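Quick caveat: nothing in here was measured; it's all calculated off a predicted structure. Each residue takes its place number in the sequence, starting with 1.
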Amino acid sequence: MACASFVKLNAPSSQWIGQHSFSQRAGSSTRHSTRRVSVAIRAGAYNDELVQTAKSIASPGRGILAIDESNATCGKRLASIGLDNTETNRQAYRQLLLTTPGLGEYISGAILFEETLYQSTTDGKKFVDCLREEKIVPGIKVDKGLVPLPGSNGESWCQGLDGLASRSAEYYKQGARFAKWRTVVSIPSGPSALAVKEAAWGLARYAAISQDNGLVPIVEPEILLDGDHPIERTREVAEKVWSEVFFYLAENNVVFEGILLKPSMVTPGAEHKEKASPETIAKYTLTVLKRRVPPAVPGIMFLSGGQSEVEATLNLNAMNQSPNPWHVSFSYARALQNTVLKTWQGRPENVEAAQKALLVRAKANSLAQLGRYSAEGESEEAKKGMFVKGYTY
C-alpha cells in the first residue's frame, strides 16, 4: 500500500516560469517574506524498485538501445534495404538485435515497441527473456505519437495519457520495467509558451502514472535539430524547456531518483552555417544540465537526433572528460543501428556480421560513456549524418 508522509518547507517561493507558488497571494500582507507550509509527499508502493531499476540502467559503461520505432517507421528502415514491412521481417530484424551475444556488456536497457514486447524468437523464446539473460532491462514506448496542437504556431503535442495506467500495468506484467514518452519542441516554430507548457505537463503526467505502475519513466523532451539557429539559441530554449519539465515533475510528485532524462544535446540547428565541435557541444550541454537538472536524477541518456554514428559518440565522449553529477550516457536508435541494418541486408547469412557491427557501435558508446573513446579507425559509413528534416517516428 502506498503511504503518505509530511515535510515542512520553510523557504521563499520561487517565481519559476511564472506559475503559482507557495508565496502569499497578490495583495496580501507582506510583513513576512516566508511562511511555513505542509506538503504531502507521496511514497509509492514501487519506489524502492524504481530507484533500483534506474540505478541499474544508469550503470558505468552502459547505455540504452532504442528499438521502439513504430511499425510505419520500422517499415521505412526495412524499405531502405529492400524488405517489405511485414511482422515477420520486423521480428527478424529485432531478433537480430536482441539476441546479440555479449550485448549486455555495453547495453543496460532496451526500449521496445508494443509489438516487440509481446514477441518471441523463431525458437519460441520471449524477447524479454533474451534481454534478461544479458542483464538488460526491458522497456516500452508508451506514447501514442504527435498530433497538431490547436492554438499554437503549427506545433504538436503528444497523445497517449488516456488508458495509460491500465496499459502500464499490463506492460509491467509482461516484463517491462521502464517506459519512454517522447515529445518535441521546434525552435523554428517559436517555440510557443503553449507548446512548451503542454510538452512539460504531458511528460510530468506520464511520469507520475508510470511510477505508480512500477515503470521508471524516461522523460524525453526532444528539441528538434531542424533550423538554422546558432547553438546559443538552442541553449536558451533548452533552459526554458528543461526548467518547465522539472517544475511540473515536482508538481506531480514524481520521484526524481526513479526517472531518467533523455534530452537532445545542445547543438546548432542542422542547417546552421557553422558546425560546433564536440568540446563546444559538451560545454553548452553540461552548462544547461547543471543549471536545470537536479543531481537526484540518476542518469542523462542522450538521444542522437539524426547525428551520425561517430558524431553522437564523439559528443558523448566529450561530455565525460570530467566527473558529472549524473550518469551521462546514451539512448540511441539510428546511431546504433544504421551500420547494423546495412550490414544485414535482410539476409540470414549476414546476421552474425550485423551483430558484430552492433557490438562495435555499442562498445564505442560504452567507451564514450567512460570518456575513453577515440574515432580512429571508424568507417566512412559511420561518419555519415542521418538528419531528416521533419523526421517522425
Aromatic ring pairing W181/Y206, orientation class (parallel under 30°, perpendicular over 60°, tilted between):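 Answer is parallel, since the angle falls under 30°.
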Does a salt bridge link [X] with [Y], judged by any charged N lying under 4.0 Å from a carboxylate O?
X    : Y    : result
R90  : E87  : no
R167 : E170 : no
K76  : E69  : no
E244 : K240 : yes
K356 : E352 : yes

Could you give the distance from [atom1] ([X]) to [atom2] ([Y]), rounded to the nearest 0.5 Å?
X    : Y    : atom1 : atom2 : answer
Q159 : L146 : CD    : CG    : 8.5 Å
I67  : K141 : CD1   : NZ    : 13.5 Å
S70  : E115 : OG    : CD    : 10.5 Å
K197 : S152 : NZ    : OG    : 15.0 Å
Y373 : Q321 : OH    : CD    : 12.5 Å
Q307 : N315 : CD    : CG    : 5.0 Å

Side-chain heavy-atom pair T285, F302 within 4.5 angstrom cut-off: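 Heavy-atom side-chain distance check passes, below 4.5 Å.
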Worked check of side-chain contact (heavy atoms from CB on, under 4.5 Å) between L225 and S264: CA-CA 9 Å; L225 281 175; S264 36; over 6 Å; no
Which atoms form the tightest heavy-atom contact between [X] and [Y], and what is the distance?
X    : Y    : answer
S168 : N213 : CB-CB, 3.8 Å
P298 : A58  : O-CB, 3.9 Å
S329 : G63  : OG-CA, 3.5 Å
L286 : M319 : CD1-O, 3.8 Å
E155 : S186 : OE2-O, 4.5 Å
N153 : G190 : ND2-N, 4.3 Å

So, does [X] use its side chain to make a donor-acceptor pair with the main chain of [Y] at under 3.5 Å?
X    : Y    : answer
N252 : A204 : no
T313 : E309 : yes
Q345 : K342 : yes
Q211 : V255 : yes

Within one Ile-Leu-Val-Met-Phe-Trp-Tyr cluster: L161 and V196, side-chain cutoff 4.5 Å: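 Looking at the clustering, V196 is in the same group as L161.
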Enclosure of N71 CG (heavy-atom neighbours >12, cutoff 6.0 Å):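 Count over threshold, so yes.
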Qualifying side chain to side chain donor-acceptor pair (under 3.5 Å) pairs, either residue in residues 51-66, two or more places apart: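 Every side chain to side chain donor-acceptor pair (under 3.5 Å) pair that includes a residue of residues 51-66, provided the two are not neighbours, is S59-R62.
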Side-chain hydrophobic cluster, 4.5 Å single linkage: members besides V147: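 Its cluster partners, ordered by chain and number, are L149, W157, L194.
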Sequence neighbours excluded, every pair satisfying ring-ring contact (aromatic ring centres under 6.0 Å, His included) that has a member inside residues 82-120: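 Counting only pairs at least two positions apart or across chains, the ring-ring contact (aromatic ring centres under 6.0 Å, His included) contacts touching residues 82-120 are Y93-W344.
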